[in-house]
Structure formats: C-alpha cells, structure tokens
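Report on the following structure.
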There are 2 protein chains.
Amino acid sequence: MPINPAPRAYQIVLQAIEEDLRTEKLSLGDQLPGERALAEQHGISRASVRDAIRILDVMGIIKTSTGSGPNSGAVIVSNPAAGISQALRLHLAAKGINVREIVESRILLETWAAQMTPRDPIQAQQVIERTAVLIMRMDDAQLSRESFHRIDAEFHVLLASMAGNAVVESMMESLRNSISDYVAASIPDDESWQPVVKVLRRQHKAIHHAFATGHRERAAQLLEEHITWFYSQTH
Amino acid sequence: MPINPAPRAYQIVLQAIEEDLRTEKLSLGDQLPGERALAEQHGISRASVRDAIRILDVMGIIKTSTGSGPNSGAVIVSNPAAGISQALRLHLAAKGINVREIVESRILLETWAAQMTPRDPIQAQQVIERTAVLIMRMDDAQLSRESFHRIDAEFHVLLASMAGNAVVESMMESLRNSISDYVAASIPDDESWQPVVKVLRRQHKAIHHAFATGHRERAAQLLEEHITWFYSQTH
DNA sequence: CTGCATAGTATGGTCAGACCACACTCTGAA
DNA sequence: TTCAGAGTGTGGTCTGACCATACTATGCAG
C-alpha cells in the first residue's frame, strides 16, 4: 500500500513558490522567473510549470502579462478575493451552496465588521469620508446600473475594511461577487430597478450616518435590514 | 479603447461547464466529457482545455483520475473548502493575510454557528451523538498527534454544520486548514504537546456538554475561549 | 548631440502531436 | 464458468513550435 496518491508535477513549482513567499524571497511587486526558467530549474516541462502559474493566477496571487520588461511576466499581486470569489461562484453554479447561505454569511460578516472597534481610528475616519463621496456619486441619476453596482460594492467593502481584517473583507467581497450575476438577472428591466435604487440610496445614507455618528450597533442593524431587503427584491 | 482584456481560451470551456452546472446539465457524480472531446467541441487545443480542468480541480468542483470506466476522468464532486483553503493558504504565505485575522474570523464563524438555531433538529441530534464518539476517540492516549488534529478538525466542522450553512462550514474548514502547518510548526515536540492536548480534551468535553444540554450561548463562549487559548499556545 | 523609427529579444498564450501509466472492458482459451 | 491477456480510453507529462506583445538596444537622420 504505497502512500503515493499521484504527486502532480505542477506541485513542485507551486510548493517552491509558496515557500519563497513564506520566506519573503518573493514579495509584492516582484517578478517570477520566466516559465522556461522555472521549468529548467525544477526539471519539469513548461506545460507543468504553466499549471502552477495558472493556479497562482486564478487564486489572485499573481497577474500575468505578455511582453518583456519590468512589468511583464508573472508579477506578485495580492487579491485574496479573486480566488475565493471564483470558488464560491463555481460552487454556487454546482449547487454545492445556495443563495440563502451566501446572503446569511454576508450579513454575518458585515454586521460583525460594523460592530468591531476600528483597529485604526485614523483610517476609520478616512473611510467615513470616502464613503460619503461614494454616496454622492450614487446619487447621480445618469449613473448606469452597472456603475451603481460597482460603487455600491465599493461602499460595502470600504465599510467592512474598518474592522482591519483582510480575511473578512475578502470573503465579504467574494460573497458579493459570487451572486452579482444572479442579482442582475433577477431585476432585468430598468423600470423595476428605478424604485429599488431609490430605497438603496436612502438606506446607504442611513447606514453612513450611523457610522459617522458612532452608532455602530445601529449601523449593523441597518446593514442587516439593507441586505435582507435587497435580496427580498430578487425573488 | 477596445474592451479586449485578453480573452483566455480556457475561459470558453470554463464558462460552458459553469453554465452546464447552473442548468443542471451536469450535476454531482457526473463525468465530464474527455479532454480531447472538449477540445474538439470548443475548437481549442487540449492544453487550453486542461487549464480549465485544472482550475475546476483546485477549486474542488471536480476530481480527476486516470484510467477508463465510470469512475475515471473528471467527475463532479463538491468540495467548496478545497478552493477556499488553497486561496487562504497561498495568501497567508504571500503575507496578504495574517494568522490573527484567520483566528479572529474562525471565532466569528464558529460562535455564530454555535448560537444559530439548528435548521434541522434531527440532524443536530445526530451531530451531538457523532461528536461524542469523536471525543472518545480523542481520549485515546495512543493516538498520533496527526490523527488527533484530524479528529479535532472533524469535531469543529461537525458542530458548525448544525447551522446548516455550507458557506460558513466551508470557510471554517478552510481557515483551519490554511494554518494547520503553522500550528504544527509552532508546537514541534511531543513533550510540549502533551500538556496542551490534556487541556484541549477538557475543553472539547465542556463544549460538547454545553451543546448537548442546549446551552448554545455558553457553548459559543467556550468555543471562543478554546480557540483563543489554543492559538495563544502557538506563540 | 538629440529624436525617433526600427530590429532584436524575452515574455506569456496557444497549439499540435506524442508517449506514458493506469483502470476498466472485452475476448477467448482453459 | 473462470480468468489471464489484449484492447481501449482516460488524464499526466513532455517536446517543440509559432504567435502577439512590450520592452530594449541600435543606428540613422536631423
């Protein structure tokens, strides 16, 4: 009974890169060696190296681009939400999870983040100011629905960032991403969208006001109502 | 300004499979068409198809195996924790997130799950019974440390499963997985491990007792203390 | 010397074709 | 009926090639 569950070739490279990240031999902004170089270094084919690169890519660890020079090739970025979003999205499609669970989780994370004492009060103040700007931009009647959703997402993520927990922030963003298509599909026409967006604007302002005046529990409660109400509109 | 952010070939097949999952043309246990067939269907090379397959694999949507027959090839499974674990793990290595954030998130999710009214009381009762068995198994003094950790993980995931939220369950499992190496490395020798495991056993029993007697808030509190204490041991 | 078109070079993206180990399925002999 | 062995299809890996791209170095023209 060999303990040999088929070691994949790409894992050699993957583990090597993970180790380099851990020991900070590689860090944000660095370029990875070229695929051909990695293949030679580890004694495997470029095809297998590409498997590892692809995984790092979809996980949001690196971004790749063609060409040469300092900004080409595989560069270390840090986008934890990318990988989690993709995973949630696929499992939502595969029926491994459902929308109720995602909304429930989102409420959990956002209300928690709202009630947390900010780790960095200065940053928290900046968030208050920046979200105020976002609210103004969402007031623009000319704004496309797509843009509204984008700013809306930014609003929520920004508020959650006050808690100073990148895991919660990424998961929250991922939860939202994973069901964005679903939401867009359930309110198809602009006619039914108009009354919804009016309510959303009002709710955002109330939430922001609660935050700005330091009523965190109230803000959490409003957030829960906001999210619950919105998804009740998509049924 | 073309809206052409380099459409990757593998996304063709990825989106097609995602759509088939959404419409349940593909569901749990089904086999995907062979890589060569998919390549021909979509007019791309097998290499590009393999990119998509690899992504579905690491995301925990499918498992692949060689050979022929009904259990070979790419089969739809559902392991949401796999993709999320991998993402968290890599971002932990890349310093995009840190251990404090992971522990904090884990406490959030587990205490929430503990306080939730079970969606399925019958299943909840089964969980109580099954966790009791796990606690007994963890009492075995002969148990290897590795086995202990495995059963310990199962204990926590099982308790969280009572809440009936696959997203929370998967995230919890992923958070735990992502730092398991870190934990193992910080308590290297069996000598320092022995007193720790004694406390863990006691805590597990107290948590289980609180659950079994319906004291959910007490259980949540004990869970928080349990997790906090354990990670305080790894510094 | 400066400015700029051009050739050179290295990158990831894609493709085609090959071989392997494996696991099942079919076949035919005992 | 049994079962060893050939057959077939699977993913895993490798090789080598070509492409578009983006930077870099060259060298000509002013």
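Everything quoted here is computed from the prediction, not taken from an experiment. Convention: sequence-line order gives letters A, B, ...; per-chain numbering from 1.
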Are the side chains of B/Val49 and B/Tyr10 in touch, meaning some heavy atoms are under 4.5 Å apart?
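Not in contact.
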Can you tabulate the close N/O pairs, meaning under 3.5 Å, that link protein atoms to atoms of nucleotides 24-28 of chain C?
from, atom 1, to, atom 2, distance (Å)
C/dC24, O4', B/Ser68, O, 3.3
C/dC24, O2, B/Ser68, OG, 3.3

**Item:** Presence of B/Arg36 side-chain N/O under 4.0 Å of C/dG17 phosphate oxygens OP1/OP2
**Value:**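 Checking C/dG17 against B/Arg36, no side-chain N or O comes under 4.0 Å of OP1 or OP2.
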Q. Is the shortest side-chain N/O distance from A/Thr66 to OP1 or OP2 of C/dA10 below 4.0 Å?
A.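 It does not, given that no N or O in the side chain of A/Thr66 lies less than 4.0 Å from OP1 or OP2 of C/dA10.
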Between [N] atom [atom2] and [X] atom [atom1], what is the distance in whole Å?
{"X": "A/Lys63", "N": "C/dT11", "atom1": "NZ", "atom2": "C1'", "result": "12 Å"}
{"X": "B/Gln31", "N": "C/dA23", "atom1": "CD", "atom2": "P", "result": "15 Å"}
{"X": "B/Glu35", "N": "C/dC20", "atom1": "CD", "atom2": "C1'", "result": "14 Å"}

Between A/Ser174 (side chain) and A/Ala81 (backbone), is there a donor-acceptor pair under 3.5 Å?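 It does hold such a pair.
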Backbone N/O of B/Ser27 and side chain of A/Lys95: donor-acceptor pair under 3.5 Å: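 The answer is no, because no donor-acceptor pair under 3.5 Å joins these two groups.
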Parallel, tilted or perpendicular: which fits the ring planes of A/Phe148 and A/His204, with parallel below 30° and perpendicular above 60°?
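Answer is parallel, since the angle falls under 30°.
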_Contacts of A/His42 that satisfy ring pair (Phe, Tyr, Trp, His ring centres under 6.0 Å) - sequence neighbours left out_ =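 If we apply the ring pair (Phe, Tyr, Trp, His ring centres under 6.0 Å) test to A/His42, skipping adjacent residues, there are no hits.
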Among residues at least two apart in sequence or on other chains, which ones pass salt bridge (charged side-chain N to carboxylate O under 4.0 Å, His left out) with [X]?
{"X": "B/Arg54", "value": "A/Asp51, B/Asp57"}
{"X": "B/Arg46", "value": "B/Glu35"}
{"X": "A/Asp181", "value": "A/Arg89"}
{"X": "B/Arg137", "value": "none"}

message: Restricting to side-chain hydrogen bond (donor to acceptor under 3.5 Å, both in side chains), what partner residues turn up for A/Asp190, sequence neighbours left out?
response: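 Applying side-chain hydrogen bond (donor to acceptor under 3.5 Å, both in side chains) to A/Asp190 gives none.
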Q.
What residues from residues 41-52 of chain A pass a heavy-atom cutoff of under 4.0 Å to DNA chain C?
A.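 Correct list: A/Arg46, A/Arg50.
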*So what is the end-to-end bend of the helix from C/dC1-D/dG30 to C/dA30-D/dT1, with 5 pairs used at each end and the value given to 10 degrees?*
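Helix axis angle between the two ends: 10°.
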Anything under 4.0 Å to a heavy atom of chain A counts; send over the first and last such nucleotide of DNA chain D, read 5' to 3'.
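Nucleotide range with atoms under 4.0 Å of chain A: D/dG12 to D/dT24.
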Donor-acceptor contacts, no H, no angles, side chain residues 70-80 of chain A, under 3.5 Å, sequence neighbours left out:
from, atom 1, to, atom 2, distance (Å)
A/Ser72, OG, A/Gly67, O, 3.2
A/Ser72, OG, A/Gly69, N, 3.4
A/Ser72, OG, A/Gly69, O, 2.9

Distance-only donor-acceptor pairs under 3.5 Å for side chains of residues 158-170 of chain B, two or more places apart:
from, atom 1, to, atom 2, distance (Å)
B/Ser161, OG, B/Leu158, O, 2.5
B/Asn165, OD1, B/Val167, N, 2.9
B/Asn165, OD1, B/Val168, N, 3.0
B/Asn165, ND2, A/Glu101, O, 3.1
B/Asn165, ND2, A/Glu104, OE1, 2.8
B/Ser170, OG, B/Ala166, O, 2.7

Report task. Count the heavy atoms of every other residue, nucleotide or ligand shown that sit under 6.0 Å from CD of A/Glu40, and state whether that count exceeds 12. Result ->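 Open: at most 12 neighbouring heavy atoms sit under 6.0 Å from CD of A/Glu40.
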